[in-house]
Amino acid sequence: MKTKQLNVALDFSPEPAGRYPEDGPFNGQRFREELLVPALVDNDEVCVNFDGTEGYGSSFLNEAFGGITRLELLSEHTLREKLRIVSEEDPSVIDEIWQYIGEAAGMSQLRRSGK
Amino acid sequence: MGPLTWTVLAGLATAGAWFYRNWQDRRKEERKDVRNSIDAIVKLIEEVETAADAYYAAAADDVRCPDLAHTIRTKTKYIGRKVHQLTLHLGETNLAGLSFRFRQAVSGGDFDSAERAGRPASAPIFSDIAAAATRLTDEMERAFKASFDN
């Protein structure tokens, strides 16, 4: 089983912020496109460690993680199988991320069914 | 009952009283610690709410915004951590959910967006933030009462 460890503070930035590139260099879209999705595609399991940063805005978390299912890059089912989230400093981040993934997956499903 | 039985019973009663007293003392200490934690979290919530109100009233290019955004990110993280520690002492609560809903209220939507415009005082985001703060605070108080004042 191929596993990849991603540490947001070390591999990306200790100060991640914003959704889009115009919001700043360490935005959620960039994290998703450059680190998260490639890691999920290339590995059986990806463990993302959130500790060590100054904290997260919901806008960053939503774009980085909710964006995966919103853009239908990977399904919620695949994410449940592959994605492991570690956040000992603030465990509420874990529930929040899964909520964004689930919500965005639900919206995508509604869009597909034409409702 | 013979003297030996009385001695054993007296010993058991003394041990029982000691354990009960010890449990009560520990419970009192725990109550005090949890109360202090809740007070600290309420203070942090108020600080984040104040920062968020100032942040969303200002436009993205306002010089105060980077510091306000930093305060919101760091203190909501600390709130999340302290709320998680609190849940270990309290019974069944909805604190985890309300904690991240508070973060959503203060740092969702166009938080950190370069395009963000300052909002008028009547904008819904201000009442949403106040409501999320109140729900989190109320739930901590409810859980505290349910755990320690019954």
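Residue numbering restarts at 1 for every chain, and letters A, B, ... go by the order of the sequence lines. Quick note: numbers below take in every heavy atom, side chains included, and nothing from hydrogens, waters or symmetry partners.
In plain terms, the two heavy atoms of A:Asp90 and B:Gly80 that are nearest each other are OD1-CA, 3.2 Å.
Rounding to the nearest 0.5 Å gives a distance of 13.5 Å between CG of B:Asp112 and CZ of A:Phe26. Residue B:Phe100 holds its CZ atom at 10.5 Å from CD1 of A:Ile97, rounded to the nearest 0.5 Å. Annotation: the span from A:Glu96 atom CD to B:Ser99 atom OG amounts to 8.5 Å, rounded to 0.5 Å.
A single hydrophobic cluster is seen to contain both A:Ile94 and A:Leu36, as judged by linkage of ILVMFWY side chains at heavy-atom distances under 4.5 Å, directly or through other members. A:Val86 and A:Ile68 fall into different hydrophobic clusters, defined by Ile, Leu, Val, Met, Phe, Trp and Tyr side-chain heavy atoms under 4.5 Å apart, directly or through other members. Both A:Phe65 and A:Trp98 sit in one connected hydrophobic cluster of ILVMFWY residues. Membership requires side-chain heavy atoms under 4.5 Å apart, directly or through other members. Hydrophobic clustering (ILVMFWY, side-chain heavy atoms < 4.5 Å, transitive): A:Val93 and A:Leu10 are in distinct clusters. Hydrophobic clustering of Ile, Leu, Val, Met, Phe, Trp and Tyr side chains at less than 4.5 Å, counting indirect connections, unites B:Leu136 with B:Phe111.
Remark: side-chain polar atoms of B:Ser107 are paired, donor with acceptor, to backbone N or O of A:Ser58 under 3.5 angstrom. Between the side chain of A:Asp23 and the backbone N or O of B:Ala114, at least one donor-acceptor pair lies under 3.5 Å.
Crowding of A:Lys82 atom NZ: a count of heavy atoms from other residues, nucleotides or ligands under 6.0 Å exceeding 12. Counting heavy atoms of neighbouring residues, nucleotides and ligands inside a 6.0 Å radius, atom OH of B:Tyr78 does not exceed 12 of them. Within 6.0 Å of atom CD in B:Glu92, 12 or fewer heavy atoms from other residues, nucleotides or ligands are found, so the atom counts as exposed in its surroundings. For B:Glu141, the CD atom counts as densely surrounded, since its 6.0 Å shell holds more than 12 non-hydrogen atoms of other residues, nucleotides or ligands.
B:Arg101 touches chain A through its side chain: at least one heavy atom from C-beta onward sits under 4.5 Å away, while N, CA, C and O do not. The contact between A:Asp95 and chain B is made by backbone and side chain atoms together, counting heavy-atom distances below 4.5 Å. When heavy atoms are compared at a cutoff of 4.5 Å, A:Tyr100 approaches chain B solely by way of its side chain, counted from C-beta outward. Contact annotation for A:Gln99: only side-chain heavy atoms (C-beta onward) come within less than 4.5 Å of a heavy atom of chain B. Heavy-atom distances place no part of A:Pro21 under 4.5 Å from chain B, backbone and side chain included.
One finds a salt bridge joining A:Glu54 and B:Arg73 here, because a Lys/Arg side-chain nitrogen approaches an Asp/Glu carboxylate oxygen to under 4.0 Å.
A donor-acceptor contact closer than 3.5 angstrom links the side chains of A:Ser92 and B:Arg103.
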Residue pair A:Glu15, B:His70: steps toward the side chain to side chain contact (heavy atoms under 4.5 Å, CB included) verdict: CA-CA 9 Å; A:Glu15 297 173 9; B:His70 176 80; 5.6 Å; no
Verdict with reasoning, B:Lys77 to A:Tyr56, per side chain to side chain contact (heavy atoms under 4.5 Å, CB included): CA-CA 7 Å; B:Lys77 175 180 175 177; A:Tyr56 298 88; 5.9 Å; no
